[in-house]
Structure formats: structure tokens, C-alpha cells
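None of the values given here were measured: they were computed from a predicted structure. We use all heavy atoms of the structure for the numbers below, so side chains are in, but hydrogens, waters and symmetry mates are not.
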Amino acid sequence: MHIWTLENWKYNFTNIQSRRSGLRFRFTPDVNTEVRGACLKFGKWLRKEYFFPIRVPVYVKGKKYIKAMDGEMVYGTFFSTI
């Protein structure tokens, strides 16, 4: 079973046509230009290899740590609205 080849997600998202799709990167101005370029290159490859039926925003910050929703200082975080 491979997560990107599964089709059962369609049963949970009946109004998929009205949702935004794709992978989108958002960078803060202090992100290193080489890091930004590498992320965009990786994103281009991901879009060719995989379909993103639901919008996946990726926020890249130019700091070593960010503050999570619980106040802890972390390297990265993930949240889902679904």
C-alpha cells in the first residue's frame, strides 16, 4: 500500500472540485536564496511525481527555530484543518 497511489481519499472529499489543489511554497524575506531555490526545485519535482488534490501550503521561515502553537520552540510543525 502506497499513500500516493491510494484512491480511497476520494470518498472523504466529495466536493473536491470546489477546493484549491496543488503544492504552494511561501517564504519569509529572510530565507537564504539558495535554500529558497532548492525548495522550489524540490517542489517542481514533487509536482511532476505526485498529484496534490488538496492545497498543501508550505511556509518556510528564515530562522533556526519557530514557536509552535503550544509555545514550544521547534524546528518545524504541521497542522491540518481537516
Problem set entry | Geometric class of the Y50/W45 ring pair [parallel <30°, tilted 30-60°, perpendicular >60°] | perpendicular
Problem set entry | Non-hydrogen atoms of R36 and V31 that approach each other most closely | N-CG1, 4.1 Å
Exercise. Closest heavy-atom contact between M73 and Y65?
Worked result: CE-CB, 3.9 Å
Problem set entry | Considering all heavy atoms, the nearest C39-V60 contact | SG-CG2, 4.5 Å
Exercise. Between the main-chain N or O of A68 and the side-chain N or O of T77, is there a donor-acceptor pair closer than 3.5 Å?
Worked result: no
Exercise. Going through the distances and angles, do F27 and K61 end up as a side-chain contact (heavy atoms from CB on, under 4.5 Å)?
Worked result: CA-CA 6 Å; F27 299 92; K61 307 287 186 179; over 6 Å; no
Exercise. What are the two closest non-hydrogen atoms of V58 and L23, and how far apart are they?
Worked result: CG2-CD1, 3.8 Å
Exercise. Taking all atoms of both residues into account, what is the closest heavy-atom pair of Y75 and K64, and its distance?
Worked result: CD2-O, 3.6 Å
Exercise. Do other residues, nucleotides or ligands put more than 12 heavy atoms under 6.0 Å from the CD atom of E34?
Worked result: no
Exercise. Out of curiosity, does F25 fall in the hydrophobic cluster containing Y59 (side-chain heavy atoms, cut-off under 4.5 Å, transitive links)?
Worked result: no
Exercise. Considering residues at least two apart in sequence or located in another chain, which fulfil the ring pair (Phe, Tyr, Trp, His ring centres under 6.0 Å) criterion with F78?
Worked result: none
Problem set entry | Nearest heavy atoms of S21 and P53, plus distance in Å | CB-O, 3.5 Å
